[in-house]
There are 2 protein chains.
Amino acid sequence: MQPDRRDRRRLEAREEIKDTARALLAEQGAAGLSLRAIAKRMGMTAPGLYHYFGSINDLITALILDAFTQLAEAVEKADADVASRGGAERLVAVAHAWRRWALDHPIDFQLLYGSPIPTYEQPTDTTYPAARRSFLVTASIFAQAIECGEIDLPEEYRRLPPEIARSLDALTGLEGHDQPPHALYLAAISWARLHGHIMLELFHLIQPVIGDVDALFAHEVNALIRQVGFTPSQ
Amino acid sequence: MQPDRRDRRRLEAREEIKDTARALLAEQGAAGLSLRAIAKRMGMTAPGLYHYFGSINDLITALILDAFTQLAEAVEKADADVASRGGAERLVAVAHAWRRWALDHPIDFQLLYGSPIPTYEQPTDTTYPAARRSFLVTASIFAQAIECGEIDLPEEYRRLPPEIARSLDALTGLEGHDQPPHALYLAAISWARLHGHIMLELFHLIQPVIGDVDALFAHEVNALIRQVGFTPSQ
DNA sequence: CGTTTTATCTAACACTGTTAAAATTACGCG
DNA sequence: CGCGTAATTTTAACAGTGTTAGATAAAACG
């Protein structure tokens, strides 16, 4: 017997299903995603897919995990491209890459950070590690910037609330979280600011008042850089 | 004939349908919402609902509009309760009321700012005015604070990007937008920051790293107050 | 070749939104 | 009161959905 060959065939089939789902998702949005549609496009029938995914929820979860790593890779690449520069520039690059990926993959992004499928319930324990990968890029930048003295922490971020400091202390050193508390905190609030802009933009809620959302985002990223304490001259 | 009586009956039926939908939504989430479920609970059949709503999309849109005004009223009330105080305190009150409403009505909030129903497409031109009402509360606070000299604009917000300034200038004076450009801009970025925190919190994405999200939000609101230039002493 | 495992299909169930047509109810007026 | 009209509501049906059970085809192994 050749389990490799069979397993490979099985994995290929899983990939083909996911690719078809992604294509359907891109063409017709979340409403166009259905097992029967996927199966028809692949030349088979819906129940056949159950040999590769236990349910449509499992399939969606797989798509979400893939999308998270795709986002993380885009963000990591953007960071790597300017790795030689200072933390401020790296953070700017990461922020713009993050937004760009969201705008280029709106359905995937809503799959990650919205809940476009009513029947679908996100298995938080599974998806969070995938979500964390992008976050850690930001956290690492802050960690290094703090260590290198690129950041002069403003008063409001110098002393963290004790409850939060406790959580962050407990986290530091744990599984991949080798960043100091301040880096994690700054990364978290940066993530939230970034995320808010992107989501409002994706839903076209901020365009009517601001108009040029590109300029808004660029300006706000610059403001963020200053407000977290990056020294302007550097 | 008494059109008033019939119209009133019709409006009451519409309200009953929406209330039933809200109850179903609260009990079973977005997945539990269906015309047949609503009809069954009301003691009628699904096609009967079509005399009150053209489609389930129309019904959802109505729910969204109601939720937007409910959010706006909560925010306006929070502002009114501290109307005598300074802009900083008003903004803090509004921010917390906003978050509180979101946490107390997670499904409604996702209905507003997510797209929980795949087949549903938001009629932006209809929902945006409703969304704007909450936004205008924040904008008004900023407008008054700027006028009263409560705000000493930091460098990064003193000069706005020309593309944005142009949009904001065009908006000022138009339909209810009597706020100066800087007030609108500060309100927009505050909204985005607020929104990002709330969304990440609703999806339980920020708890694993921060822990005490109440403390995080309170701290970030305080940071926002300072960063937009509210004088600390006031 | 036969056997056994793997993969896929057909049929069915309980749902979904929606439409057409029929049936029922309520109302105003002579 | 009773008739006629208009407003409601129901039944039946269509085309979808995810999912399961059981039969069937295909491939792999001895």
Side-chain angles (χ1 to χ4, degrees), chain A residues 1-18 20-21 24-25 27-64 111 115-123, chain B residues 1-18 20-21 24-25 27-64 111 115-123:
Chain A
M1 81 171 176
Q2 290 166 306
D4 298 326
R5 220 176 88 78
R6 254 218 281 269
D7 285 3
R8 207 180 53 207
R9 158 94 186 80
R10 197 179 165 82
L11 283 179
E12 278 172 11
R14 271 180 69 101
E15 282 304 317
E16 190 185 345
I17 292 171
K18 287 194 291 181
T20 314
L24 247 7
L25 225 38
E27 288 171 26
Q28 310 171 22
L33 188 68
S34 82
L35 292 180
R36 282 183 172 84
I38 296 170
K40 174 177 276 184
R41 181 165 292 200
M42 290 177 62
M44 55 188 295
T45 58
L49 302 178
Y50 279 78
H51 269 249
Y52 301 98
F53 292 95
S55 71
I56 198 172
N57 269 19
D58 291 0
L59 170 57
I60 294 170
T61 301
L63 292 176
I64 288 177
L111 214 59
S115 56
I117 285 89
T119 65
Y120 178 72
E121 191 81 20
Q122 273 213 29
Chain B
M1 80 171 175
Q2 290 167 304
D4 298 327
R5 220 175 90 78
R6 256 218 276 267
D7 284 3
R8 205 180 54 207
R9 159 93 187 79
R10 196 179 165 82
L11 283 178
E12 277 172 11
R14 272 181 69 100
E15 282 304 316
E16 190 185 346
I17 293 171
K18 287 194 291 182
T20 314
L24 247 8
L25 225 39
E27 288 171 24
Q28 310 172 21
L33 188 68
S34 82
L35 291 179
R36 283 183 171 84
I38 296 170
K40 174 177 274 184
R41 181 166 291 200
M42 291 177 63
M44 56 186 297
T45 57
L49 302 179
Y50 279 79
H51 269 248
Y52 301 98
F53 292 95
S55 72
I56 199 173
N57 268 20
D58 291 1
L59 170 57
I60 294 171
T61 301
L63 291 176
I64 288 178
L111 215 58
S115 56
I117 285 90
T119 65
Y120 177 71
E121 191 80 19
Q122 273 213 32

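Just so it is clear: chains get the letters A, B, ... in the order the sequence lines come, proteins before strands, and each one is counted from 1. Keep in mind the model is a prediction, meaning the values are calculated, not measured.
B/T45 has a side-chain polar atom (N or O) that falls below the 4.0 Å cut-off from OP1 or OP2 of D/dT10.
Taking atom CE of B/M44 as the reference point, atom P of D/dT10 lies 5 Å away to the nearest angstrom. For B/R10 and D/dT9, the CZ to P distance is 10 Å, given to the nearest whole Å. A straight line from CG of B/L49 to P of D/dT11 spans 14 Å, rounded to a whole angstrom. One interatomic measurement links the two molecules: NZ of B/K40 to P of C/dG17, which rounds to 13 Å at whole-angstrom precision. In this entry the distance linking CD of B/Q28 with P of C/dT16 reads 10 Å, nearest Å. Across the protein-nucleic acid pair, B/D58 atom CG and C/dG17 atom C1' stand 13 Å apart, rounded to whole Å. Separating the CG atom of B/L59 from the C1' atom of C/dT18 is a distance of 14 Å, rounded to the nearest angstrom. With rounding to whole Å, B/H51 atom NE2 is found 15 Å from C/dA26 atom P.
Scanning all heavy atoms of the two residues, the minimum distance from B/K18 to B/L59 falls at CG-CD1, 4.0 Å. Pairing each heavy atom of B/L49 with each of B/L35, the nearest pair is CD1-O, 3.4 Å. Among all heavy-atom pairs drawn from A/G32 and A/A37, the shortest one is O-CB, 4.0 Å.
Within the structure, salt bridge (Lys or Arg N to Asp or Glu O under 4.0 Å) contacts touching residues 46-56 of chain A (residues at least two apart or in different chains) do not occur.
With respect to the salt-bridge test (charged N to carboxylate O, under 4.0 angstrom), the residues B/R9 and B/E12 do not qualify.
Between the side chain of B/R14 and the backbone N or O of B/F53, no donor-acceptor pair lies under 3.5 Å.
A/Y52 comes within 4.0 angstrom of the backbone, heavy atoms only, and of no base.
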Which parts of nucleotides 13-27 of chain D does protein reach within less than 4.0 Å, heavy atoms only, written one letter per nucleotide 5' to 3' as B for base, S for sugar-phosphate only and - for none?
B---BBBB-------

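Listed by chain and number, the residues in a salt bridge (charged side-chain N to carboxylate O under 4.0 Å, His left out) with B/R41 are B/E27 (sequence neighbours excluded). For B/R36, the side chain to side chain contact (heavy atoms under 4.5 Å, CB included) criterion is met by B/S34, B/A46, not counting sequence neighbours. Among residues two or more places apart in sequence or in another chain, the side chain to side chain contact (heavy atoms under 4.5 Å, CB included) test is passed with B/S55 by B/N57, B/D58.
When the local axes at the two ends of the helix from C/dC1-D/dG30 to C/dG30-D/dC1 are compared, using 5 base pairs at each end, they differ in direction by 20° after rounding to 10°.
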